[in-house]
Amino acid sequence: MKIAIISDIHGNSEALKATLKDIEKRQVDKIICLGDTIAKGVHPKECLSLIRKKCEIVLQGNCDVYFSIEHQNIDEMDELKQKRIKWNKSLINKEDREYLLSLPFSYEFYMSGSLVRLFHATPTANDIAIANVDKIETKYQMFLPSENTQSQNIADVVIYGHIHHPYMDKIYNKTIINVGSVGNSFEVIRNKNKDSDVLETTKSNYLMIEGEYGSREYSSDISFQFIKVPYDIDKELEDENLNIEKENYRFELKQGMYRDMAKINENFKKLGIDVDKI
Ligand SMILES: [Mn+2]
């Protein structure tokens, strides 16, 4: 069985349409979404309706929750936060918000003998960023169950989103995979002066997993494939005037970098990595 796993569409309908087209071309059996369908981009409605139509399982991301709940103390927040909440909420309706709040936190299945567990960010919280550069001890925690997971078994494979940066690593005998982001890829988290190929850094990313679905026997292979899909970024940006943070959003789509590089670089410094030397 072939399962396509997508995540972090963030209201980018051009990226989602191109990705779904690519998935359909490869004749998959199921599509699963790891959350954050909305927020940031100007087309959350269109993305939501496509996701609801095409995905068998949809998990809940932090933005799905954040822009769907009632904020009690909104007047006490700083101006940008208030604007962000009001604007992102204005693009979806009550029914959309109820749908997003009803989504499950985590999902798991056996494939070719491995327990594969999926969630948006971590097994305990959907807004904590665990990155490829984090310590092995931190990454090991990702395999442990929580009150949010379907079973209390330790997973063999974990697949998540949230950081918008695809990678795969082995932690002892376990496999950790980030599927990257469909609509808001951050593939460049280093030195912006050295990012030469813009086209190469702004594609949609998703994962294909293939194996014996539901089987607890190590009798057949399991495989993981990272797929990059180009999409029409300029078309997606045609409506950018609707976006209250259009400069930041354009920068992210065009450069494949997070808007606040200073914050990212600060994190690298804490790990003893000099970004200028990468
Ligand atoms: Mn997220």
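In listed order, ligands and their atoms are each counted from 1.
- Test His164, His162, His10 against Phe186 for ring-ring contact (aromatic ring centres under 6.0 Å, His included) and you get one pass: His164.
- Nearest to the Mn ion (ligand 1), among the N, O or S atoms that Asp36 has, is OD2.
- Both the sub-6.0 Å distance and the 45° axial angle are satisfied by Lys30 relative to the ring of Tyr213.
- Geometric assessment of Arg259 against the ring of Phe251 yields a negative cation-pi assignment under the 6.0 Å and 45° thresholds.
- When the N, O or S atoms of His120 are ranked by distance to the Mn ion (ligand 1), NE2 comes first.
- Note: Tyr167 and Tyr160 have perpendicular aromatic rings, judged against thresholds of 30 and 60 degrees for the angle between ring planes.
- Taking backbone and side-chain atoms together, Asn62 has an N/O/S atom less than 2.8 Å away from the Mn ion (ligand 1).
- The Mn ion (ligand 1) has His162 among its coordinating residues (N/O/S atom, backbone or side chain, under 2.8 Å).
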